[in-house]
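To keep things clear, I will list the structure first and then write my remarks on it.
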There are 2 protein chains.
Amino acid sequence: MRIGELADKSGVSRDTIRFYERNGLISSTTGESDTNNYRDYPDHNLELLGFFTKARDAGMSIADLRDIIETMNGSCDRSEAAQVIRNKIDDLKTRADQIARVVTFLEQSLENR
Amino acid sequence: MRIGELADKSGVSRDTIRFYERNGLISSTTGESDTNNYRDYPDHNLELLGFFTKARDAGMSIADLRDIIETMNGSCDRSEAAQVIRNKIDDLKTRADQIARVVTFLEQSLENR
DNA sequence: GTAAACCATGAACAATGGTCTATTGTTTTT
DNA sequence: AAAAACAATAGACCATTGTTCATGGTTTAC
């Protein structure tokens with residue numbers, strides 16, 4: 001799949017896809033053509049971009065995502081990779097708790113007005 | 001209270017406090033001295049800064065906070081102000097849901113490895 | 001009364017996460 | 001074969017959220 005198709009299907013712009021690739025979140029194979037150097041993306045990148053979008057919405061940084069991707073790919077030591085992910089999960093849960101506290105605070109401010 | 005004391009007590013740096021003030025999140029009264037123009041902060045700013053810190057941690061933007069503060073202060077129409085806050089609450093809940101989904105996804109990726 | 005600590009302002013700088021533009025080359029469509 | 005659509009790269013640009021710096025004035029402590 002070329003970048004335009006991936007962009008259309010994923011809802012992530014070409015520029016952003018290239019930006020993600022520069023930052024190590026996804027990788028393309030060099031297409032089989034000799035006359036161009038168009039990127040070629042295997043299908044699973046679609047799923048990956050979907051995850052990135054959700055994760056970015058949840059407040060994860062590019063660096064967080066790169067950590068996850070790198071440990072999943074490299075995965076020399078899979079228990080170490082699992083730990084990286086568990087840490088990210090903990091961060092997310094902490095953030096969710098924080099949100100809950102702020103929601104409570106705002107709800108109280110509505111009641112006490 | 002002068003800015004240094006507020007910074008110490010709140011854990012928010014002087015520079016950040018001035019930045020927040022420039023951006024309409026807090027306001028100081030001009031001190032009573034004739035010889036200086038030091039800012040003076042009523043005590044409630046301490047609570048306010050605590051809220052901002054939590055809210056920023058929860059992923060709210062400066063603009064979000066400014067919306068809240070402005071509608072709370074201006075509050076010409078209090079039902080309108082309440083609506084602004086309810087919208088922010090909804091945004092936060094949406095974000096919390098998003099986090100929960102990403103956590104689930106990551107937890108599954110740990111199980112299926 | 002002098003040094004140290006504090007405060008003010010404005011501007012520059014920095015990191016993050018993109019987005020846009022210019023230029024050039026390749027496909028695809030007509 | 002010409003036009004339209006797509007792709008690549010490099011670099012400029014943008015908003016957001018601060019932080020740092022330079023300069024200069026004010027307070028406080030010794």
Side-chain angles (χ1 to χ4, degrees), chain A residues 1-42 45 48-69 88 91 95 98 102, chain B residues 1-42 45 48-69 88 91 95 98 102:
Chain A
M1 186 174 354
R2 298 208 295 220
I3 197 169
E5 191 182 348
L6 184 60
D8 286 348
K9 287 186 177 167
S10 67
V12 176
S13 80
R14 288 154 223 252
D15 282 326
T16 299
I17 292 172
R18 283 188 282 249
F19 171 75
Y20 283 173
E21 185 159 2
R22 267 202 308 288
N23 284 277
L25 298 198
I26 56 176
S27 48
S28 56
T29 60
T30 315
E32 62 279 357
S33 165
D34 281 359
T35 53
N36 71 36
N37 60 337
Y38 291 0
R39 292 169 171 85
D40 189 63
Y41 294 98
N45 285 294
L48 212 47
L49 282 177
F51 167 64
F52 292 157
T53 301
K54 281 191 298 184
R56 295 277 308 119
D57 263 17
M60 298 187 85
S61 69
I62 301 289
D64 285 332
L65 295 176
R66 190 173 44 224
D67 287 347
I68 290 177
I69 294 306
K88 300 300 178 189
D91 291 348
R95 180 174 279 254
Q98 197 63 24
V102 173
Chain B
M1 180 170 5
R2 297 209 295 221
I3 197 170
E5 190 182 349
L6 184 60
D8 286 348
K9 288 188 177 166
S10 68
V12 176
S13 80
R14 285 156 225 250
D15 284 323
T16 299
I17 291 172
R18 282 188 283 249
F19 171 75
Y20 283 173
E21 186 160 1
R22 266 203 307 289
N23 284 278
L25 298 198
I26 56 177
S27 48
S28 56
T29 61
T30 314
E32 61 279 359
S33 166
D34 281 358
T35 53
N36 71 37
N37 59 338
Y38 291 0
R39 294 170 172 83
D40 189 63
Y41 295 98
N45 284 295
L48 212 47
L49 282 177
F51 167 63
F52 292 157
T53 300
K54 282 192 297 184
R56 296 276 308 119
D57 262 18
M60 299 186 85
S61 69
I62 301 289
D64 286 332
L65 295 176
R66 191 172 43 223
D67 287 347
I68 290 177
I69 294 306
K88 299 300 179 190
D91 290 349
R95 179 175 279 253
Q98 197 63 21
V102 173

Is a donor on one side and an acceptor on the other found under 3.5 Å between the side chain of [X] and the backbone of [Y]?
X: A:Arg66; Y: A:Asn23; value: yes
X: A:Asp8; Y: A:Glu5; value: no
X: B:Asp40; Y: B:Thr30; value: no

Please assess B:Thr16 against B:Tyr20 for the test side chain to side chain contact (heavy atoms under 4.5 Å, CB included), listing each intermediate value before the final yes or no. CA-CA 6 Å; B:Thr16 299; B:Tyr20 283 173; 3.7 Å; yes
Going by the rule side chain to side chain contact (heavy atoms under 4.5 Å, CB included), which residues pair with B:Ser10 if we only count those two or more places apart in sequence or in a different chain?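 Applying side chain to side chain contact (heavy atoms under 4.5 Å, CB included) to B:Ser10 gives B:Val12, B:Ile17, B:Leu46, B:Leu49.
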Heavy-atom pair of closest approach, residues A:Val102 and B:Ala58: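 Where A:Val102 meets B:Ala58 most closely, the heavy atoms are CG2-CB, 3.9 Å.
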Students often get this wrong, so: under 4.0 angstrom with heavy atoms, is A:Arg18 touching a base, only sugar-phosphate, or nothing?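 Base: the residue A:Arg18, judged by heavy atoms under 4.0 Å, touches a nucleobase.
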To the nearest angstrom, how far is [X] atom [atom1] from [N] atom [atom2]?
X: B:Ile17; N: D:dT17; atom1: CD1; atom2: C1'; result: 15 Å
X: A:Arg56; N: C:dG18; atom1: CZ; atom2: C1'; result: 9 Å
X: B:Ile3; N: D:dT27; atom1: CD1; atom2: P; result: 16 Å
X: B:Phe52; N: D:dT17; atom1: CZ; atom2: P; result: 13 Å
X: B:Arg39; N: D:dT27; atom1: CZ; atom2: C1'; result: 17 Å
X: A:Phe19; N: C:dC20; atom1: CZ; atom2: P; result: 14 Å

Looking at residues 20-28 of chain A, who's got a heavy atom less than 4.0 Å off DNA chain C?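 The stretch gives A:Tyr20 as the residues lying under 4.0 Å from the strand, ordered by number.
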B:Lys9 vs B:Tyr41, side chain to side chain contact (heavy atoms under 4.5 Å, CB included): CA-CA, chis, key distance, verdict: CA-CA 12 Å; B:Lys9 288 188 177 166; B:Tyr41 295 98; over 6 Å; no
So which nucleotide from D:dT19, C:dT19, D:dT17 ends up closest to the side chain of B:Thr16?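 Of the candidates, D:dT19 comes closest.
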Please write out the pairs of protein N or O atoms and N or O atoms of nucleotides 26-30 of chain C separated by less than 3.5 Å, giving the distance to one decimal.
{"from": "C:dT26", "atom 1": "OP1", "to": "A:Thr35", "atom 2": "O", "distance (Å)": "3.0"}
{"from": "C:dT26", "atom 1": "O4'", "to": "A:Tyr38", "atom 2": "OH", "distance (Å)": "3.1"}
{"from": "C:dT26", "atom 1": "O2", "to": "A:Tyr38", "atom 2": "OH", "distance (Å)": "3.4"}
{"from": "C:dT27", "atom 1": "OP1", "to": "A:Ser33", "atom 2": "OG", "distance (Å)": "2.9"}
{"from": "C:dT27", "atom 1": "OP1", "to": "A:Thr35", "atom 2": "OG1", "distance (Å)": "2.4"}
{"from": "C:dT27", "atom 1": "OP1", "to": "A:Asn36", "atom 2": "ND2", "distance (Å)": "2.8"}
{"from": "C:dT27", "atom 1": "OP2", "to": "A:Thr35", "atom 2": "OG1", "distance (Å)": "2.8"}

Scan residues 50-61 of chain A for pairs that pass salt bridge (charged side-chain N to carboxylate O under 4.0 Å, His left out), counting only residues two or more places apart or in two chains.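 Those involving residues 50-61 of chain A do not exist here.
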So if I take residues 57-66 of chain A and measure heavy-atom distances to DNA chain D, which residues fall below 4.0 Å?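 Those residues whose heavy atoms fall under 4.0 Å from DNA chain D, taken from residues 57-66 of chain A, amount to none.
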Looking at NZ of B:Lys88 and CG of B:Asp67, how far apart are the two atoms once the value is rounded to the nearest 0.5 Å?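 Separation between the atoms: 4.0 Å.
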Mind checking salt bridge (Lys or Arg N to Asp or Glu O under 4.0 Å) for A:Arg95 and listing every partner two or more places apart, or none if nothing turns up?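 Salt bridge (Lys or Arg N to Asp or Glu O under 4.0 Å) list for A:Arg95, sorted by chain: empty.
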Looking at side-chain heavy atoms only, is the closest gap between A:Leu25 and A:Phe51 below 4.5 Å?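 A:Leu25 vs A:Phe51: side chains apart.
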5' priority, DNA chain C, between B:Asp15 and B:Asp8 [closest heavy atom]: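 The 5'-side residue here is B:Asp8.
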